[in-house]
Amino acid sequence: MNTNKLSRRSFILKLSALAGAITSGFQAPLAFAADSPAGRLTGANLKGSAEKLIFALQLDEPIAYKVFTLDSPDRVVIDLMNTSMAGKLKQGTHDRPPITSIRYASRKDGRLRVVLDVQEQVSTKASMSKDGSSNILSITMSPTGKGSSSAPDKKTEKSADKKSAKKSKTSSEQEQPSTSEPSKNKFIVVIDPGHGGKDPGAIGANGTREKDVVLEVARKLKTRIDREKGMKAILTRSSDTFIPLRGRMDIAHQHKADLFISLHADANPSTRVSGSSVYILSENGASSEAARLMAESENSYELKFGNHNLNNTSNRVASVLLDLSQNAMIDRSLSLAKGVLGELSKVNNPLRNRVESAAFMVLKSPDIPSMLVETAFLSNPIEEKRLRTADYQQKLASAVFQGVKRYQLAYADSGRANT
């Protein structure tokens with residue numbers, strides 16, 4: 001990856017913070033009258049450090065706003081009065097401590113509410129300033145040093161909201177995060193045993209079929225993940241069945257996966273080639289998938305980020321959001337893959353000592369960190385024999401698990417990767 005691409009990646013990830021910020025909400029102090037001008041949120045930015053993080057919102061009018069904090073769980077609520085979004089933008093998890101995620105909802109009374117979930121209690125200062133033709137609402141957040149508050153208490157938020165405006169049942173529901181988790185509080189790993197059914201995959205000299213051995217490794221990996229507190233694994237197939245490649249991706253999206261892992265066994269014309277290898281999506285593969293999604297969205301394909309439909313979003317905004325999401329996921333996928341490759345190197349000699357990139361179809365989800373693991377070579381007689389044994393299958397599964405666990409410890413507390 002050359003310097004130009006790294007610079008572009010850095011720029012895009014900075015834009016990601018901006019896009020995430022835009023999906024937050026706002027409120028002006030009640031000192032501003034309710035008859036303040038109608039405004040639109042046109043931009044946002046995050047800057048500073050975990051000790052003093054500034055969430056800056058760009059508006060076309062000096063709207064009324066209100067900012068307050070709530071606990072159990074800890075969050076910052078920003079109500080922007082008589083304000084609308086300039087476009088539908090991505091909301092979800094973020095890696096900018098103390099912020100862990102951002103969500104927003106428009107209310108019937110014209111408010112745009114943005115909720116910043118934070119990992120600990122924070123103090124806030126809000127101010128509106130003029131910047132040329134724009135108006136900047138800056139919210140400065142600083143940890144209080146008191147840590148996080150106790151378990152969630154929905155009554156607190158409802159009570160605080162009643163003080164600022166009457167709520168209907170519908171608007172109350174809108175305040176909740178737009179994504180619902182089928183396995184609440186679980187870190188979801190979707191495991192994809194390659195091939196299956198009419199597609200046997202690679203076949204060794206002794207008749208060992210790829211589809212069979214990778215299913216056994218996948219089952220063992222699922223068992224190990226399910227034993228871990230706070231984690232849950234889901235198989236794209238649990239038997240000898242055929243699933244189309246995009247169908248495997250769909251399963252990951254349906255379960256709102258935090259990770260997607262595709263398991264395979266390699267083959268080579270040379271019987272001497274051996275070792276594991278790990279792949280993530282190449283940038284060319286990401287670009288081609290983004291182009292496909294954009295093209296299909298113009299032909300009634302439902303283009304989404306999490307639960308948010310982007311079909312009514314301008315092509316320019318949707319394209320930027322796809323780029324943001326894909327680049328962020330490639331970075332996370334690389335972190336995951338490096339950890340797994342390091343663990344696999346303890347089981348066998350890797351084919352290569354670096355993570356590879358390729359345009360594998362199953363790795364093209366723009367919102368889920370994904371990797372493909374070639375466990376070993378069925379074309380190598382020694383590795384074919386090993387792959388047939390439960391002991392070697394377990395060693396491979398354990399190695400992948402250790403890499404996944406390291407990733408989960410690094411990223412889970414920052415929130416889910418997908419929205």
Side-chain angles (χ1 to χ4, degrees), residues 190-222 235-249 251-252 260-282 284-285 288 333-334 336-338 340-364 370-401 403-404:
V190 169
I191 307 168
D192 174 44
H195 308 281
K198 63 183 181 181
D199 177 13
I203 301 177
N206 292 315
T208 309
R209 300 181 300 184
E210 179 180 3
K211 68 175 183 178
D212 297 328
V213 295
V214 296
L215 178 58
E216 291 305 314
V217 175
R219 286 171 174 166
K220 290 176 172 58
L221 177 56
K222 172 177 168 53
L235 298 178
T236 57
R237 66 179 182 93
S238 56
S239 60
D240 186 16
T241 55
F242 175 78
I243 302 174
L245 296 179
R246 289 201 179 276
R248 298 167 191 260
M249 295 166 61
I251 291 171
F260 178 87
I261 302 171
S262 191
L263 298 176
H264 291 258
D266 219 336
N268 190 281
S270 171
T271 59
R272 290 179 295 179
V273 177
S274 64
S276 300
S277 52
V278 182
Y279 292 83
I280 63 171
L281 183 63
S282 65
N284 287 339
S288 65
S333 298
L334 180 59
L336 167 68
K338 283 182 176 179
V340 169
L341 183 61
E343 294 297 329
L344 285 170
S345 67
K346 302 173 185 177
V347 178
N348 60 35
N349 291 320
L351 178 63
R352 299 179 185 86
N353 291 317
R354 67 176 185 276
V355 174
E356 300 293 308
S357 298
F360 288 117
M361 177 64 68
V362 292
L363 301 182
K364 290 188 175 182
S370 305
M371 71 174 178
L372 185 147
V373 177
E374 295 283 5
T375 54
F377 279 83
L378 280 171
S379 51
N380 182 295
I382 296 175
E383 292 201 331
E384 179 188 8
K385 184 177 180 180
R386 288 175 178 170
L387 282 170
R388 295 171 69 99
T389 67
D391 180 63
Y392 193 66
Q393 293 166 3
Q394 186 61 60
K395 287 181 179 178
L396 291 169
S398 297
V400 175
F401 167 78
V404 168

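Model, not experiment: these values are computed from the prediction.
- With hydrogens and angles disregarded, a donor-acceptor distance shorter than 3.5 Å links the side chain of R219 to the backbone of S238.
- No donor-acceptor distance shorter than 3.5 angstrom exists from the side chain of E384 to the backbone of F377, with no hydrogens or angles considered.
- Closest heavy-atom contact between K222 and L235: CD-CG, 3.7 Å.
- The structure places CZ of R352 at 11.0 Å from CG of L341, a figure rounded to the nearest 0.5 Å.
- Heavy-atom minimum distance, T208 versus R388: OG1-NH1, 2.6 Å.
- Residues meeting the salt bridge (charged side-chain N to carboxylate O under 4.0 Å, His left out) test with K220, sequence neighbours left out: E216.
- Residue K395 qualifies as open at atom NZ: its count of foreign heavy atoms under 6.0 Å is 12 or below.
- Side-chain atoms of K211 come within 3.5 Å of backbone atoms of G197 as a donor-acceptor pair (strictly under, hydrogens ignored).
- Counting only distance, with no hydrogens or angles, the side chain of N268 and the backbone of S270 share a donor-acceptor pair below 3.5 Å.
- The shortest non-hydrogen separation linking F260 to A252 is CD1-CB, 3.7 Å.
- Here the CZ-CG distance, from F401 to L221, works out to 8.5 Å after rounding to the nearest 0.5 Å.
- No side-chain donor-acceptor contact under 3.5 Å links S276 to the backbone of P350.
- Contact record, A399 with L344: CB-CD2, 3.8 Å, taken as the closest heavy-atom pair.
- Residues L263 and I191 are in side-chain contact: their nearest non-hydrogen atoms beyond the backbone lie under 4.5 Å apart.
- Side chains of D192 and I251 form no contact here, defined as non-hydrogen atoms less than 4.5 Å apart.
- Using a 4.5 Å cut-off on side-chain heavy atoms (C-beta onward), L336 and V404 make contact.
- S262 contributes no side-chain N or O that, together with a main-chain N or O of L372, makes up a donor-acceptor pair within less than 3.5 Å.
- Looking only at distances, a side-chain donor or acceptor of R237 sits under 3.5 Å from a matching main-chain atom of P193.
- What you find for S333 and I280 is that their closest heavy atoms are O-CG2, 3.6 Å.
- Nearest heavy-atom pair, A376 versus E383, reported as atom, atom and distance to 0.1 Å: CB-OE1, 3.3 Å.
- For the residue pair S277 / E356, no side-chain donor-acceptor distance below 3.5 Å is found, with atom types taken as modelled.
- Here the side chain of E210 pairs a donor or acceptor atom with the backbone of A202 at under 3.5 angstrom.
- The backbone N or O of T271 sits less than 3.5 Å from a side-chain atom of N380, completing a donor-acceptor pair.
- Atom CZ of R246 sits about 15.5 Å away from atom CD1 of I243, to the nearest 0.5 Å.
- At distances below 3.5 Å, not a single donor-acceptor pair connects side-chain atoms of R248 with backbone N or O atoms of T236.
- Rounding to the nearest 0.5 Å places CE of M371 at 11.5 Å from CG of L334.
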